[in-house]
Amino acid sequence: MTERRVKVTSRLGLHARAAANLVRVASQFKSTLTLQRLDGGAEADAKSILSILTLAASRGTDLRIIASGDDEHEALDAVVGLFSRDFDEFEKADGKQISRAINELRCKGLGISEGVVIGRVLRLQEGTREVYRAEIAEADLERERRRFRAAVRLSRRQLEAIKERAERELGRGHAYIFDAHLLFLQDAKLTRDVEDYIDRERCNADWAAKVVGDRLLSIYTQINDDYLRERGSNIEDVIQRLLANLTGEGPKYPNLLEDAVIVSTDLLPSTIAELNLNHVKAIATDAGGWTSHMAIIARGLSLTAVIGLRDFYHRTRTGDRILVDARRGEVILHPASETIEQYQFTTGSVGPTAGAPDVVECGLVKTVDGVEISLRANVELPTEFRAVHDFGACGVGLFRSEFLLSRPGLMSSEEQQYEAYKSLAEAAGEYGAIVRLFDVGGEVGSEVKERERNPALGLRAVRFNLRHKQIMRTQVRAILRAAASGKLSLVIPMVADVADVRMSKRVIDEEIENLAAENAPFSAVRIGAMIEIPSAVLTAEKIASEVDFFELGTNDLVQYTLAVDRGNDKVSDWFRTLHPAVLYGIDRTLRAARDANIPVIVCGEMASTPAYAVLLAGMGTIDLSMIPAMIPRVRTVLTQIDTNEAQEIATKCLAAGTADEVEELVRNEYKARWPALFPPNALPKTPESSE
Ligand code: PEP
Ligand code: MG
């Protein structure tokens, strides 16, 4: 046995590519080669890339290299030589440092619902499937191991092909990293550990791969070196590939053993729509804003959720204990038992968001001065249909039909849609339901189309429909047919001008003619336009003369008026619903509709917020559509206000210069007029308190 001391001098430390070089050199010799950290004794096999990476040897780390075997001297010389040449690598480090994970980790985000949930982390990265844990019978364990090996082989073939293409198209320098990926796949630290885990825990290969992968990754989250830590994404990449290959071929396991809290960087709304809510109790994501579709769906499902956590995902691993407090907008990773007890003591309860009230009022709400206002429901999923009744909604003001498409890549058939719209009309009852034509593109339903460079400004909503006429025709036919047995209207999303309306109406008219020619039962429907982009606001009079009603989508109106991505937490400070420009757009749209004598339904998240609903009433709105669970609260507030007072406030707001000024006005006026209705937490936050 022989040994030598070395120091890691390369600026990037022993990261994946350097480690791959080390494995390549070490594997040329028969001797065993062990690396040992001098500061803590952690050891690694120099022929295992994952083992080397778990040493987390950043620049300056002192190591001992121990070689043992026939060719130990040559082996040691070769490896030490590689260290002295900085692994034949020449790259720059960015030098940033991160703090070590602590035991109980608290992170602040944006609580978008109300519950408090304690559960176990289930990490989920978009583009992958859900991974469940399933008990496997002793006799079937070999089958699971074989399934895992087959997934490894398939992953290897895929990676070799990718590497070849990268070499051809980008050059050897760029393809290099796939050598590391291939080494991960043949590393016993991954493959043996997964197979051992399958045996020990008697579980399915998918779960074993996820747990072992997450453990390897968690070592990275604790590395005190930004560059090395971020290289964990290479391991994640390989694990995701393995999981995709495993879940793509293997059976699905519907049984999660514990309450799962989905932790992700970001989630597609369709992913949330597909979650098994018997098991998933909460979500926590790095990205997301109040009006992002992810947030809207989570609220609609009464799912406890904290979003906009920024850098939380990488600190977790599957199986970690977690507390999600949506009321305070906080998550606590590894909550101590005292924390949990304290929670139970001070908040009185730990549990998901409350359900529907026992006694519900329904019908139009009447303000103090006798103005009658309809409160309708926004609905995304068939599972929410019963909420229309449970919360006393005047029918459905907005059915975001694109969530019928939540199965990846699949458009639903005319028959499937027909059935869905029929049961929607049934749930909506006498007030009826408004079906929005698919608003795909943007962040929604992106699985049905290629990702675009700038999806919010791309082939979204009406543009998608007009470009994919067959999809539009199928939907229109299903709506017209369902309208024969219930009260339905149709709204065209995101029209830019009257041309979009005309082109859409032409398709609708053609389908009416087709159905008539086929003698199929159907009924013509009222047709509306969503007003949610500035060009539609500016030409609202023209659009009003060609439709039966308007729907005001304030979420997009804020996004497009202020040029602020509604799903990007980094710019959430600029997303100001009470910006004077937004209020001006709303006011202008309401006036155009009034002049044309058509109704306007305000259906963005603004309508769900009691303080904003009052302002909308002051601007003359008498039709609001919102998250069903918010209806009782908005109803309570509206019954206690006088719209003349609300109008005085709205007039002042419209004259203000900035969002801060409007918010201050709202705070002061509401406090003075309705102190009992609007406690401080129900009003726009002061700039200091929001920091
Ligand atoms: C809106 O934009 O306000 C709206 C109601 O539609 P969505 O949130 O689905 O874009
Ligand atoms: Mg919209």
Side-chain angles (χ1 to χ4, degrees), residues 112 268-270 272-273 288-301 307 375-381 384 393 396-406 433-446 455-465 489-496 500 528-537 540 543 549-568 575-579 582-583 585-586 589-590 600-609 612-613 616 621 623-628 630 634:
I112 54 157
L268 283 174
S270 57
I272 302 179
W290 178 261
T291 63
S292 61
H293 281 111
M294 171 174 71
I296 291 170
I297 300 288
R299 269 197 298 275
L301 293 172
I307 63 174
L375 304 182
R376 304 176 197 253
N378 287 350
V379 172
E380 287 79 37
L381 301 166
E384 292 172 277
V396 173
L398 174 66
F399 176 49
R400 292 181 165 100
S401 65
E402 56 277 7
F403 291 99
L404 291 174
L405 311 177
S406 43
I434 301 171
V435 181
R436 177 168 74 183
L437 291 184
F438 296 141
D439 186 350
V440 285
E443 53 170 339
V444 179
S446 38
L457 304 182
L459 198 62
R460 187 187 155 182
V462 68
R463 303 170 191 174
F464 178 89
N465 288 302
S489 309
L490 174 161
V491 70
I492 311 163
M494 234 185 95
V495 298
D500 282 341
M530 295 273 314
I531 305 297
E532 47 190 349
I533 55 180
S535 60
V537 171
I543 299 174
F549 64 95
F550 276 170
E551 291 228 41
L552 236 167
T554 54
N555 304 332
D556 278 317
L557 189 63
V558 178
Q559 157 162 276
Y560 293 122
T561 302
L562 304 179
V564 177
D565 181 348
R566 60 196 265 193
N568 182 348
F575 193 95
R576 305 293 289 272
T577 303
L578 295 190
H579 194 288
V582 175
L583 299 185
I586 294 172
T589 307
L590 292 173
V600 182
I601 299 154
V602 182
C603 62
E605 296 305 285
M606 193 176 178
S608 302
T609 313
Y612 298 170
L616 288 166
T621 309
D623 213 327
L624 300 166
S625 192
M626 64 200 76
I627 297 158
M630 288 307 292
V634 173

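Counting convention: from 1, in listed order, for ligands and their atoms alike.
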Between the main-chain N or O of [Y] and the side-chain N or O of [X], is there a donor-acceptor pair closer than 3.5 Å?
X: Ser608; Y: Ile627; value: yes
X: Ser292; Y: Arg566; value: no
X: Tyr560; Y: Ala456; value: yes
X: Thr561; Y: Val582; value: no

Heavy-atom side-chain contact between [X] and [Y] under 4.5 Å:
X: Asn378; Y: Ile296; result: no
X: Leu590; Y: Thr621; result: yes
X: Leu375; Y: Met630; result: no
X: Val558; Y: Arg576; result: no

Legend entry - the Mg ion (ligand 2) to nearest N/O/S of Asp439 below 2.8 Å: no

Inset, instruction - Say whether Glu532, considering both its backbone and side-chain N or O atoms, lies within less than 3.5 Å of an N or O atom on ligand 1. - result: yes

Inset, instruction - Output yes when the distance from some N or O of ligand 1 to some N or O of Thr554 is under 3.5 Å, and no in every other case. - result: yes

Inset, instruction - Identify, by name, the N, O or S atom of Asp556 lying closest to the Mg ion (ligand 2). - result: OD2

Inset, instruction - Tell me which N, O or S atom of Glu532 sits nearest to the Mg ion (ligand 2). - result: OE1

Side chain, backbone, both or neither: which part of [X] has a heavy atom under 4.0 Å from ligand 1?
X: Thr291; value: neither
X: Asn378; value: neither
X: Met494; value: neither
X: Glu551; value: neither
X: Arg460; value: side chain

Inset, instruction - Run through Val602, Leu398, Leu624, Asp623 and flag the one making a side chain to side chain contact (heavy atoms under 4.5 Å, CB included) with Arg376. - result: Asp623

Inset, instruction - Considering only non-hydrogen protein atoms, determine which one is nearest to atom 3 (O) of ligand 1 and report residue, atom name and distance to 0.1 Å. - result: Asn555 N, 2.7 Å

Inset, instruction - Considering only non-hydrogen protein atoms, determine which one is nearest to atom 8 (O) of ligand 1 and report residue, atom name and distance to 0.1 Å. - result: Arg566 NH2, 2.7 Å

Legend entry - Check against side-chain contact (heavy atoms from CB on, under 4.5 Å), Ile586 and Leu552: CA-CA 8 Å; Ile586 294 172; Leu552 236 167; 4.0 Å; yes

Inset, instruction - For residues Met494 and Glu532, report the shortest heavy-atom separation together with the two atoms involved. - result: N-OE2, 2.9 Å

Any heavy atom of [X] sitting closer than 4.0 Å to ligand 1?
X: Arg436; answer: yes
X: Glu605; answer: no
X: Gln559; answer: no

Pull out every atom of ligand 1 sitting under 4.0 Å from any heavy atom of [X], numbered as shown with elements.
X: Arg400; answer: 4 (C), 5 (C), 6 (O), 7 (P), 8 (O), 9 (O)
X: His293; answer: 7 (P), 8 (O), 9 (O), 10 (O)
X: Asp556; answer: 1 (C), 2 (O), 3 (O), 10 (O)
X: Leu398; answer: 5 (C)
X: Cys603; answer: 5 (C)
X: Ile296; answer: 8 (O)

Legend entry - Nearest-0.5 Å distance, OG1 of residue Thr291 to CG of residue Asp565: 9.0 Å

Legend entry - Arg299/Glu605 salt bridge by N-O under 4.0 Å criterion: yes

